[in-house]
*Asks:* 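I'd like to ask you about the structure that follows.
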Amino acid sequence: MTSDSDRVNSLMSMLKRRGIIFPAFSIHGGIAGLYDYGPVGGRLLRKVQQQWREHWLSKGNIVEIDSPTITPESVLQASGHVSAFNDHASECNSCNAIFRSDHLVEEFHQNADSLSGPELDSILSENSISCPSCKNVDWANSRPMNLMFGTKIGATRGGRQAYMRPETAQGMFLTFPMIQRHFRNRLPYGAIQVGKGYRNEISPRQGMIRQREFNMAELEYFIDPNVDAHHDLSKWNGINFQLIPDPENGEQKNINMDISTALEQNIVRHPTVAMFMAETYDFLTNIGADPEKIRFRQHESDEMAHYASDCWDLEMHGSYGWVECVGIAHRGCYDLEAHENATNSNELRAWRDFDEPIEVDKEVVSAIGSIVGPAFRQRAGQVTQALAELENIPTSFPFELSLSDGSNVTIDDSMVKVVRVQETIRGEWFLPHVVEPAFGLDRIIWHLLDHGYEMTSKEGEEYLILHLSESVAPYEVVVLPLFEKDGMGQIGKELQTTLLQINGIGVYYDGTRSIGRRYARADEIGVPWAVTIDYESLEDGSVTVRRRDDQSQIRISTDDLIQHLQSGSLASVF
RNA sequence: GCGGACGUGGUCUAGCGGUUAUGACUGUAGGUUCCCAACCUGCAAACCCGGAUUCGAGUUCCGGCGUCCGCACCA
């Protein structure tokens with residue numbers, strides 16, 4: 001057994017023992033890929049979510065929305081998830097290996113992705129494609145692997161097909177009209193959503209890393225592609241980001257540089273992507289991630305979704321190696337356009353004013369409906385359109401007009417009139433581009449736990465400390481009477497009640513067993529501050545505050561304690 | 001999905017056809033203790049689920065579920 005898996009086992013045991021995270025439904029046998037956050041973990045999750053919200057909402061041009069998790073099929077057809085999540089798999093009858101069917105037939109078909117199961121099967125047999133694993137040609141019929149959880153909306157027969165959302169992002173695209181109105185059409189702006197996503201993984205592995213229901217947090221940031229984005233990245237000067245750029249022709253290698261340098265050298269291709277990479281780095285280090293265990297890996301061009309022009313994964317290092325925890329993608333206008341095409345909605349566009357209004361003063365050929373209609377009947381619409389699109393006004397009649405279906409018609413002067421159009425065009429509607437940072441919160445939480453988990457020893461015995469940042473620690477403070485007698489327990493409970501009135505502070509009281517044992521329990525779930533009531537407290541109201549990370553202690557008055565906690569942290573008293 | 005290993009109190013584990021199912025840690029009730037899992041005395045707490053073989057199954061067999069590893073799949 002490697003030390004990494006020892007560490008994972010030890011951490012997992014602790015997480016179960018202390019009510020942080022454990023496999024769900026375990027008394028019913030358990031279900032792979034589903035986890036409970038327990039009494040302590042629930043607070044951890046909430047605090048990480050809250051830090052994430054505040055990080056983005058404090059930018060001022062970002063709002064929060066919340067959408068349903070049940071999503072009608074048409075939405076996911078438009079977004080591409082129904083087909084993308086409907087890949088087929090073929091199994092080799094002789095060695096039982098399984099492969100993506102479309103990958104097997106790639107050489108024999110332009111667009112293998114779009115083929116049906118029977119089509120894939122016939123290409124496999126017609127071309128005698130052999131198994132990459134055992135070289136035999138003996139394929140079972142391909143099966144669809146839909147990774148979305150299906151459901152029906154409506155309890156009666158004929159309910160509408162729907163799926164549990166595989167990502168929260170569609171919510172931001174579909175509420176774009178509302179978001180745009182909120183911001184009064186002034187790009188750039190963004191919207192966030194924190195919530196559950198669902199993927200029916202074939203075989204979830206690696207604990208919390210691949211779950212079937214998971215906590216996501218996504219930001220969609222809408223920008224005008226014609227406006228050069230300028231972000232002040234100087235704040236991050238001097239911080240070396242670990243980058244693994246797309247190798248293009250060579251091999252991938254690690255480089256370390258400022259984010260602004262990476263942008264200047266066009267390693268990061270878009271300034272807004274660079275800004276979000278840096279902001280994401282800040283978010284993670286603020287909640288206690290180890291900066292040495294964060295790197296950015298650029299998608300290779302064949303790995304990148306076809307609509308994305310630049311895409312970086314943020315990877316965190318832990319007991320499972322480097323794991324993707326955040327994806328930051330420039331998605332172009334792909335998503336809004338997809339929904340526009342699917343619905344014919346005109347609400348998904350933003351307005352841009354031209355620098356100078358365009359004065360139009362031109363002559364156009366306008367069809368006279370009462371003549372063109374009877375003359376061309378069902379083709380009248382095409383004729384009208386072709387006339388409106390004419391660039392050169394015909395100088396003589398009759399003339400030949402080409403229609404969009406390739407045919408020609410003869411137009412005489414009774415059918416049209418030439419009119420002069422004078423107008424001022426002040427701007428135009430366009431599809432905004434979007435930059436999307438998408439966070440897998442459970443993966444991030446796992447790495448916070450992993451980075452913070454210290455296995456040390458005290459007096460020859462194993463001793464566990466969870467070095468969680470104060471900003472996400474499930475409890476900020478534990479109140480400990482040295483003994484539960486002579487009134488110390490009473491004072492402790494009163495102090496707990498008082499401290500709980502402070503906004504955002506979680507406090508618990510622990511009065512059982514020896515003081516050292518209670519410190520150990522608090523260290524294990526990462527409580528940064530332990531406040532102890534002793535005999536001196538009975539006399540002068542002072543208490544001792546113990547710092548988790550180095551076990552040092554100082555004595556302060558309860559008034560000071562309250563004041564410091566109100567201003568956010570006890571760190572300043574040390 | 002395939003192949004292999006495994007599944008015993010909250011956690012870690014002993015057990016190899018017949019035991020009152022080991023032990024430790026944790027928890028808890030009390031005692032003791034003036035700040036780091038101390039000590040003493042109690043208490044609570046488990047054989048993943050189903051079927052089969054057997055007089056008798058935690059133990060053997062079959063199936064399911066789950067965990068871990070490899071292959072495959074995947075953000």
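Chain naming here is simple, since letters A, B, ... match the order of the sequence lines and numbering starts at 1 in each.
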*Asks:* Can you find a donor-acceptor pair, distance only, under 3.5 Å between A:Glu461 side chain and B:A37 base?
*Replies:*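 By the distance-only test, no, there is no pair.
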*Asks:* Please examine the side chains of A:Arg518 and A:Val478, heavy atoms only from C-beta on, and report whether any two atoms are closer than 4.5 Å.
*Replies:* no
*Asks:* Does B:G66 have a Watson-Crick or wobble partner in any strand here, with both distances under 3.5 angstrom, and which is it?
*Replies:* B:C6
*Asks:* Just name whichever nucleotide pairs with B:C39, Watson-Crick or G-U, keeping both distances under 3.5 Å, else none.
*Replies:* B:G31
*Asks:* Tell me what A:Glu201 touches on the nucleic acid: a base, only sugar-phosphate, or nothing, going by heavy atoms under 4.0 Å.
*Replies:*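 Touches sugar-phosphate only.
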*Asks:* Restricting to salt bridge (charged side-chain N to carboxylate O under 4.0 Å, His left out), what partner residues turn up for A:Glu476, sequence neighbours left out?
*Replies:* A:Lys47
*Asks:* Which is more 5' along RNA chain B, the nucleotide nearest A:Gly33 or the one nearest A:Glu484? Just name the residue.
*Replies:*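 Result: A:Glu484.
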*Asks:* List the residues meeting salt bridge (charged side-chain N to carboxylate O under 4.0 Å, His left out) with A:Arg546, not counting sequence neighbours, and say none if there are none.
*Replies:* A:Asp523
*Asks:* Checking base pairs now: Watson-Crick or wobble, both atom distances under 3.5 Å. What partners B:A46?
*Replies:*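 Partner of B:A46: none.
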*Asks:* Could you tell me how far B:G50 sits from B:G17 if I compare only their P atoms? Round to whole Å.
*Replies:* 24 Å
*Asks:* With sequence neighbours left out, what residues match A:Arg17 under salt bridge (charged side-chain N to carboxylate O under 4.0 Å, His left out)?
*Replies:*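 Result, salt bridge (charged side-chain N to carboxylate O under 4.0 Å, His left out) vs A:Arg17: A:Glu524.
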*Asks:* Within this structure, what is the CE-to-P distance between A:Met455 and B:C25, rounded to whole angstrom?
*Replies:*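 Result: 18 Å.
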*Asks:* Among all residues two or more places apart in sequence or in another chain, which pass the side-chain contact (heavy atoms from CB on, under 4.5 Å) test with A:Ser79?
*Replies:* A:Leu76, A:His81, A:Gln170, A:His339
*Asks:* State the pairing partner of B:A21; accept Watson-Crick or G-U wobble contacts with both distances under 3.5 Å, and report none otherwise.
*Replies:* none
*Asks:* Heavy-atom contacts under 4.0 Å between residues 513-532 of chain A and RNA chain B, which residues?
*Replies:* A:Arg513, A:Ser514, A:Ile515, A:Gly516, A:Arg517, A:Tyr519, A:Ala520, A:Arg521, A:Glu524, A:Thr532
*Asks:* Between B:U11 and B:G30, how far is it from one C1' atom to the other, in whole Å?
*Replies:* 25 Å
*Asks:* What protein N or O atoms touch nucleotides 10-12 of chain B N or O atoms at under 3.5 angstrom, if any, and at what distances?
*Replies:*
| residue | atom | partner | partner atom | Å |
| --- | --- | --- | --- | --- |
| B:U11 | O3' | A:Ser13 | OG | 3.3 |
| B:C12 | OP1 | A:Ser13 | OG | 3.2 |

*Asks:* Sequence neighbours excluded, which residues qualify as salt bridge (charged side-chain N to carboxylate O under 4.0 Å, His left out) partners of A:Arg547?
*Replies:* A:Asp550
*Asks:* How would you list all residue pairs meeting side-chain hydrogen bond (donor to acceptor under 3.5 Å, both in side chains) that involve residues 28-37 of chain A, not counting sequence neighbours?
*Replies:*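 Sorted result for residues 28-37 of chain A: A:Tyr37-A:Asp442.
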*Asks:* Tell me what A:Gly38 touches on the nucleic acid: a base, only sugar-phosphate, or nothing, going by heavy atoms under 4.0 Å.
*Replies:*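 Since no nucleic acid heavy atom lies under 4.0 Å of A:Gly38, the category is nothing.
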*Asks:* For atom C1', what is the distance between B:C48 and B:G7, given to the nearest Å?
*Replies:* 7 Å
*Asks:* Report the residue (A:Phe483 or A:Ala32) whose heavy-atom-nearest nucleotide on RNA chain B is the more 5′ of the two.
*Replies:*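 Closest to the 5' end, via its nearest nucleotide, is A:Phe483.
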*Asks:* Give the rounded distance in Å between these two atoms: CZ of A:Arg547 and C1' of B:C36.
*Replies:*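 It is 16 Å, rounded to the nearest whole Å.
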*Asks:* Are more than 12 heavy atoms from other residues, nucleotides or ligands located less than 6.0 Å from atom CZ of A:Phe25?
*Replies:*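 Counting neighbours around CZ of A:Phe25, 12 or fewer heavy atoms of other residues, nucleotides or ligands fall under 6.0 Å, so no.
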*Asks:* Under 3.5 Å, is there any donor-acceptor pair linking the side chain of A:Asp534 to the base of B:C35?
*Replies:* yes
*Asks:* Please classify the nucleic acid contact of A:Glu167 as base, sugar-phosphate, or nothing, using heavy-atom distances under 4.0 Å.
*Replies:* nothing
*Asks:* Less than 4.0 angstrom between a side-chain N/O of A:Ser203 and OP1 or OP2 of B:A72, yes or no?
*Replies:* no
*Asks:* Can you tell me which residue pairs pass the salt bridge (charged side-chain N to carboxylate O under 4.0 Å, His left out) test with a partner in residues 164-174 of chain A, sequence neighbours excluded?
*Replies:*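 Residue pairs with at least one partner in residues 164-174 of chain A: there are none.
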*Asks:* For B:A75, which nucleotide is its Watson-Crick or G-U wobble mate, given both distances must be under 3.5 Å?
*Replies:* none
*Asks:* A:Arg443 and side chain to side chain contact (heavy atoms under 4.5 Å, CB included): which single residue from A:Val326, A:Val323, A:Leu448 fits?
*Replies:* A:Val323
*Asks:* Could you tell me which nucleotide pairs with B:G58 by Watson-Crick or G-U wobble geometry, both distances under 3.5 Å, or answer none if nothing does?
*Replies:*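 Because no pair has both required distances under 3.5 Å, B:G58 counts as unpaired.
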*Asks:* Determine whether a donor-acceptor pair (one donor, one acceptor, N or O, separation below 3.5 Å) exists between the side chain of A:Arg205 and the base of B:C68.
*Replies:*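 Answer is no: no donor-acceptor pair is held.
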*Asks:* Do the two ring centres, one from A:Trp56 and one from A:Phe276, sit under 6.0 Å apart?
*Replies:* yes
*Asks:* Classify A:Thr512 by what it touches in the nucleic acid, base, sugar-phosphate, or nothing, heavy-atom distance under 4.0 Å.
*Replies:* sugar-phosphate
*Asks:* For B:A45 and B:A29, measure between their P atoms and round to the nearest Å.
*Replies:*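 Straight-line distance between the two P atoms is 16 Å.
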